[in-house]
Amino acid sequence: MQKITINKGATPDDYRDYSSLRILLDEFTETVAPYIERLKDCTIWMVNSTATGGGVAEMLPSQMRIARALGVRVEWLVIEANDNHFFDLTKRIHNAIHGAGDEPFTEEDLKTFEKVNAQNLKNALEYIKDGDLVVIHDPQPMPLGKLIRQERDVKLIWRCHIGLEEHTDTTRSVWKFLMQYMDYYDHFVFSLPSYVPPEIESKTTIIPPAIDPLSHKNRTLWMAKCAGILRQSGITNHQDPLLYPYYKNLVRRVMPDGSFDSVNKYSDLDIINRPVILQISRWDRLKGFKELMEAFILMKKQNESKSDKSAITYKRIKYTRLVFGGPDPKYVSDDPEGMEVLNELISQYKNVSKALQEDIAILLLPLDNPKENALIVNALQRSSSFVVQNSIQEGFGLTATEAMWKQRPVLVSGAAGLRFQVQHKVNGLINQDPSDIEQLANTMEQMLNSPKERDKWGFNARNRVIDKFTLFSQLNSWLKLLSELR
Ligand code: UDP
């Protein structure tokens, strides 16, 4: 069990300095004051399985910083696990909650699940005291919640960040497997109502995820700063002045032969001068990378059959690059399937024609330094013409929210978590079926060749995030719930 230190960051006053956030913040501080009063004698413990990568690790630090600044005692614990079977199992649980996979859960699975969690109990009990509130995030540390509950008089909450809109045999079987732990929990938090298994509906609150507008992932970057980050991280290699030193670990790119090397080694990515379609995600089959690459190739091929090669609509597609960004496998410990999915993408990429290989970049982003990683994602999102999230299933899809905050229009699949955020033709386009390659290719082309709409949708996208998906709305709901459970 590891207690995570939260680095310094924006204070409530920093948000107040931004006119569009001031009203939000003032309303928020007034509303939460009575909740905070009720929470003053206890500690809130956030427990998950990783301090880097993914949505949970993304959101916790800024939420905790604001809550602490307002007087709430909140801490973050990460469970330790050195067992491949454990991560393989928790990935299967994750996939099953998304409705994917049909391997049954065995006695052996149960033993591993409980053993790894039990190894973290002693340490957890050194921190957690009677009267505290414990929020367990996602399935990995779920049995630990039960064990803590047996030893301490705490209120126990399970925060599930994933889900499927419908209940299938696969989801029913995984909920059945997890129900033995859920019985020990006092309350549940899901991102969307349709994700909640019927058995626990009466004890569930819906809190959608949110972004921190001032985090390194989302803060404003002026053009030269953005260009500087692309250069410092090795994404561009122009000879312009470099204000700050290179990052210790640079972004790597998958080469045509499948090896990893510096981004512009084989061919210049030229991200600054070209239209760019970007998708950033973990290497997960459910993120729809494979389908996106296929659709991009189809869009390019269809474009070549056009007769008027001087038309701007032709040229726009011709010069467009597709950029995938995901964790460099060197840094990811809790995602055994990630490498497998990346390898599948690499095989797909190796079979692409030479010319098209230059138009597709699979970038591996270093995760050793969270600030640098966040700035790289920020700069890539700002450098793109639009951001895609082609997920087959998506609990929420922070990558879409992040892009929308940056006034980037988004092209998303009809997965529930994305449909909930994006309004079709208001702040982007929804391409209902992420596996319909032809439709996706056409939607991408439509997006590229609608520059005025893109500007409008991007503008609206930012307003949508301010209205619904900033950390203040989220923290408000959390503090209300926790104070009621106390
Ligand atoms: N992310 C990142 N670096 C990467 C890949 C993803 O920082 O190489 C971040 C991304 O910006 C987003 C989060 O990880 O903030 C992913 O959250 P999302 O809700 O999109 O998907 P999840 O990973 O939780 O399924």
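Every number for a ligand or one of its atoms is a count from 1 in the order of the listing. What you see is a predicted model, and the numbers here were worked out from it, not measured in a lab.
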Student: Can Lys91 and Asp284 be counted as an ion pair, charged N to O under 4.0 angstrom?
Tutor: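 Salt bridge between Lys91 and Asp284, a charged N being under 4.0 Å from a carboxylate O: yes.
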Student: Hydrogens and angles aside, do Asn460 and Gln423 bring a side-chain donor and acceptor to less than 3.5 Å of each other?
Tutor: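 No, because no side-chain N or O of Asn460 sits under 3.5 Å from a partner of the opposite role on Gln423.
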Student: Looking only at non-hydrogen atoms, which of Gln381, Lys287, Arg282 approaches atom 21 (O) of ligand 1 most closely?
Tutor: Lys287
Student: Report yes or no: do Gln389 and Ser281 form a side-chain donor-acceptor pair below 3.5 Å?
Tutor: yes
Student: Using distance alone, with no hydrogens and no angle criterion, decide if Tyr331 and Asn369 have a side-chain donor and acceptor under 3.5 Å apart.
Tutor: no
Student: Out of Thr401, Ile162, Leu398, indicate the one that has the non-hydrogen atom closest to atom 20 (O) of ligand 1.
Tutor: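 Comparing heavy atoms across Thr401, Ile162, Leu398, the nearest one to atom 20 (O) of ligand 1 lies in Leu398.
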Student: Nearest 0.5 Å, please: how far is OG1 in Thr401 from NZ in Lys406?
Tutor: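 Rounded to the nearest 0.5 Å, the NZ-OG1 separation comes to 9.5 Å.
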Student: What orientation do Phe396 and Phe420 show, parallel under 30°, tilted 30 to 60°, or perpendicular over 60°?
Tutor: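 Ring orientation of Phe396 relative to Phe420: perpendicular.
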Student: With side-chain contact (heavy atoms from CB on, under 4.5 Å) as the test, pick out the partner of Met293 among Leu356, Leu298, Ile360.
Tutor: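 Exactly one candidate clears the test, Ile360.
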Student: Please list the nearest protein heavy atom to atom 6 (C) of ligand 1 with its residue and the distance rounded to 0.1 Å.
Tutor: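 Going atom by atom, the protein heavy atom closest to atom 6 (C) of ligand 1 ends up being Ile280 CG2, 3.9 Å.
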Student: May I ask you to list the atoms of ligand 1 that are less than 4.0 angstrom from any heavy atom of Glu402?
Tutor: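 Per the distance check, 10 (C), 11 (O), 12 (C), 15 (O).
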Student: Which residue owns the protein heavy atom closest to atom 16 (C) of ligand 1, what's the atom, and how far is it?
Tutor: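 Here the closest protein heavy atom is Gly55 N, 3.9 Å.
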Student: Suppose I only count heavy atoms of Gly397 and a 4.0 Å limit; which atoms of ligand 1 are within that range?
Tutor: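 It comes down to these atoms of ligand 1: 19 (O), 20 (O).
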Student: For ligand 1, which atoms have a heavy atom of Leu365 less than 4.0 angstrom away?
Tutor: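 Counting from 1, the qualifying ligand atoms are 8 (O).
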Student: Does the residue Gly325 have a heavy-atom contact with ligand 1, meaning some pair of atoms that are separated by less than 4.0 Å?
Tutor: no
Student: Need the ligand 1 atom indices (1-based, order shown) with element for anything under 4.0 Å from a heavy-atom of Lys217.
Tutor: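 Selected atoms, number and element: 2 (C), 7 (O), 9 (C), 10 (C), 11 (O), 15 (O).
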